[in-house]
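Reviewing the structure listed below.
Computed from a prediction, not measured in an experiment: that's the story for all the values here. Counting begins at 1 with the first residue of the sequence. Read the numbers this way: they start at 1 and go in the same order the structure lists the ligands and their atoms.
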Amino acid sequence: MFDTHAHLNAIQFEEDLEEVIQRALDEGISHIVVVGFDRPTIKGAIKLADTYDFIYAAVGWHPVDAVDMTTEDLQWIEELASHPKVVALGEMGLDYHWDKSPKDVQKKVFRQQIQLAKKVKLPIIIHNRDATQDVVDILKSEGAEEVGGIMHCYSGSLEVAKQCMEMNFYISFGGPVTFKNAKKPKEVAREIPLDRLLIETDCPYLSPHPLRGKRNEPSYVKYVAEAIAELREMPLENLVKKTSDNARQLFGINR
Ligand code: NI
């Protein structure tokens, strides 16, 4: 199984990271992409990717903290893009739930990172909260199609998912797709083509059913895989293989 979005660089894993990683290996996790989104978490993601064979890194700047990103930070991200285990830029995007960063600053920082991704030729990982139309508009106007990427922890409509897939994006599902009341994610996870589907944990957040409310970790991605396999009425094994192949292809990972 390929966990395409994990924050093992979060303080919630400081105390028992070794055990969390061992459990992931024991449960058959073959690859993890650890996502950095500010200075400390970018450093953490790189360190983990340098330490563990099966861990890769994504580096970017979170929209909530857009006001904190300096030109030096953007330059640093550009330098890190040539690190052999950096496989994507992000997470990046728009988040209108929190008001730390004004919308226009978020949009600017989002656009700058898309332009950088096109320059360094890496796919992008998109965070969207309450900002769907603006996210889609910016992806379109910046020509994000050229690099493609992932709509991370997708919770939108099938209609918007189709627009994103047309722009070369994969749709990734995490814990919420396992929740009983998650009508929309379940519908999208069932209907989209298998070759656009990815799984993730977004750990330590968003634990899947039946562990909802607990700290999430990569080994729990199996609950996400099981839920989607059931929705699509297909063998778990096939779902796991296909989503792993999709992720390896997107990230350019050969092993
Ligand atoms: Ni995340």
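Using modelled atom types and a 3.5 Å distance limit, the side chains of Thr201 and Asp3 yield a donor-acceptor pair. Ser141 and Arg111 form a side-chain donor-acceptor contact under 3.5 Å, judged by distance and modelled atom types alone.
Because its NZ or CZ atom is both nearer than 6.0 Å to the ring centre of Phe179 and within 45° of the ring axis, Arg212 counts as a cation-pi partner of that residue.
In this structure, Asp104 does not pair ionically with Lys108, as no charged nitrogen and carboxylate oxygen lie closer than 4.0 Å.
Residues forming a ring pair (Phe, Tyr, Trp, His ring centres under 6.0 Å) with His127 (at least two apart in sequence, or on another chain): His62.
The set of protein atoms (N, O or S) found at less than 2.8 Å from the Ni ion (ligand 1) reads His5 NE2, His7 NE2, Glu91 OE2, Asp202 OD1, by chain and number.
With ring centers used as reference points, His31 lies 6.0 Å or more from Phe54.
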